[in-house]
Amino acid sequence: MFDLRSDTVTSPTPALRAAMAAAEVGDDVYREDPTVRRLEQRIAELLAKPAALFVPSGTMANEIALLCHCQAGDEVIVGAASHCSDFESGAAAAWARVQFRVVGCDGLFTAADLEAAVRPAAYYLPRTRLVVVENTHNMSGGRLFPPAEVARIVATARAHGLGCHLDGARLWNAAVAAGCSEAELCAGFDTVTVCFSKGLGAPVGSALCGDAATIERALRYRKMLGGGMRQAGILAAGALHALEHHRSRLVEDHAAARALGAALGAMTGVRVGTVDSNMVNVDLDVPAMAVVEAARRRGVLVAATGARRLRLVTHLDITGPRFGEAIAALVEAVREAQGER
Ligand SMILES: Cc1ncc(COP(=O)(O)O)c(C=O)c1O
C-alpha cells in the first residue's frame, strides 16, 4: 500500500529503532534524562531560541503555548482551518479558555488582515492577545507563509503588544520550501511548536521553544496536562535520529508532491492547489469518496478532506523509485470515479 493520507503514518526505520533502543535515559520528571536534555538543547540551538521543552505531541505544545500567552477570555487571531483552532478537540476552550478570531480565507493571512482584526482596547470587547501562524499550513495543502509577510505580521503584532506563536509542526518543510534556515523562520516569534513525528518520521514527540521564563512555566503546564514522562530519552533519541538523518531528505518529498500535483493537475475536472511542500490539495468534479475507494482498490490510501477535496501527503515511507506507480494508480482512480458519473 502507498499511504498518502498523512506524513504521520511512517514506520520507524531500523536505524531509528536502534537509536531508540540504545538511548541513555533517566527520569525526565526529575529532569534527569540526558537524552531529553540533549534534544532540548539541540532544538533550542537550531531554532535560535533560549530554551526548549520536549512534549508528547504538537497539540500539547500548542495548548501549553496558549496557556503561557493568554488569560481566560482572551482572543487569539489565527488563519482559517488552523490546527490549534479546529483540530485539537476544543482544547483551547477547555484549558486556556480563549476564543479564536479567524482571518484570511485559505489558512494564510496578511499583516493587513491582522491589523484589521485587532480589537480596540475597551472593557466590553475581548482582549486581543496573541497571533498564531501555522507554517507550513496543513489544511491549505502545506502552504508556505511567505517569509516577508510573516515579518510584517510579527511587526504588526508587536505594534499592538500581541504575543506571537508559530505552529511549526512542519517547520522543517517550511525551511526547505523557503530555502532558508528554521531559525530565520522563527525569528520574532515568542514561542514555537515543532514536531518530530510528521515529515521527520520519528514515532512520537514535539517541542515547545521560547525564552527561559516561558519554558519554565511551560514545564509546569506540561505536568498539569499529564505530559510529564519518565524515561522519555527513548523517544527523544528517535527525535534526534530523525533530525540528523531525515531532515535533509524532505526535499525529495517536496519533489514527489510536485510530480503528483502536475500529473493530477493535467486531468480534466481536477484542480490542484499550489504545491509548496509535501502536501497536495486536489479539488474534484466527482465525490472525493469515489476516488478514495477507487484508489484503495489500487493499493493507494488517500484522505478526503471535503466532499470533493482530497489531501495527499508525501513522506519517507513512500517517496522513492516506485512512487511513479502511486501517481499512475491515482490518475486511474480519478478516471474511474469520473467514468461512474
Ligand atoms: C499544523 C499542525 N499543528 C499541530 C499538530 C498536532 O500534532 P499532534 O498530532 O502531535 O498532536 C498537527 C498534526 O497534524 C498539525 O498538522
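Order of listing sets the numbers, starting from 1, for every ligand and every atom in it.
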(message) Please list the nearest protein heavy atom to atom 3 (N) of ligand 1 with its residue and the distance rounded to 0.1 Å.
(response)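 Checked against all protein heavy atoms, atom 3 (N) of ligand 1 sits closest to Asp167 OD2, 2.7 Å.
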(request) Return the residue, atom name and 0.1 Å-rounded distance of the protein heavy atom closest to atom 10 (O) of ligand 1. (result)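 For this ligand atom, the closest protein heavy atom is Gly58 N, 2.9 Å.
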(request) Would you name the heavy atoms of Phe87 and Ser82 that are closest together and state the gap between them? (result)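 The answer is CD1-O, 3.8 Å.
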(message) On a heavy-atom basis, which atom in Ala174 and which in Leu144 lie closest, and how many Å separate them?
(response)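 Closest approach of Ala174 to Leu144: O-CD1, 3.5 Å.
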(request) From atom 12 (C) of ligand 1, work out which of Met279, Met139, His83 has a heavy atom at the shortest distance. (result)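 Result: the heavy atom closest to atom 12 (C) of ligand 1 is in His83.
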Below a 4.0 angstrom heavy-atom separation, can you tell me which part of [X], side chain or backbone, both or neither, approaches ligand 1?
X      : result
Thr8   : neither
Arg170 : side chain
Lys198 : side chain

Is there a polar contact, in the sense of an N or O pair closer than 3.5 Å, between [X] and ligand 1?
X      : result
Ser197 : no
Thr136 : no
Ala169 : no
Asn138 : yes
Glu88  : no

Do the side chain of [X] and the main chain of [Y] share a donor and acceptor less than 3.5 angstrom apart?
X      : Y      : answer
Arg170 : Thr136 : no
Arg143 : Gly273 : no
Lys198 : Ser6   : no

Do [X] and [Y] have side-chain heavy atoms sitting under 4.5 Å apart?
X      : Y      : answer
Leu250 : Asn278 : no
Leu243 : Leu200 : yes
Asn138 : Arg311 : yes

(request) Would you please classify the geometry between the Phe196 ring and the Phe54 ring as parallel, tilted or perpendicular, with 30° and 60° separating the classes? (result)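 Rings of Phe54 and Phe196: tilted, as their planes differ by 30° to 60°.
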Can you name the atoms of ligand 1, numbered from 1 with element, that are less than 4.0 Å from a heavy atom of [X]?
X      : result
Ser57  : 10 (O), 11 (O)
Thr59  : 6 (C), 7 (O), 8 (P), 11 (O)
Asn62  : 3 (N), 4 (C)
Glu134 : 1 (C)

(message) Could you check, using the six-membered ring where one of them is a Trp, whether His83 and His137 have ring centers closer than 6.0 angstrom?
(response)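 Judged by ring-centre distance (under 6.0 Å), His83 and His137 do not meet the cut-off.
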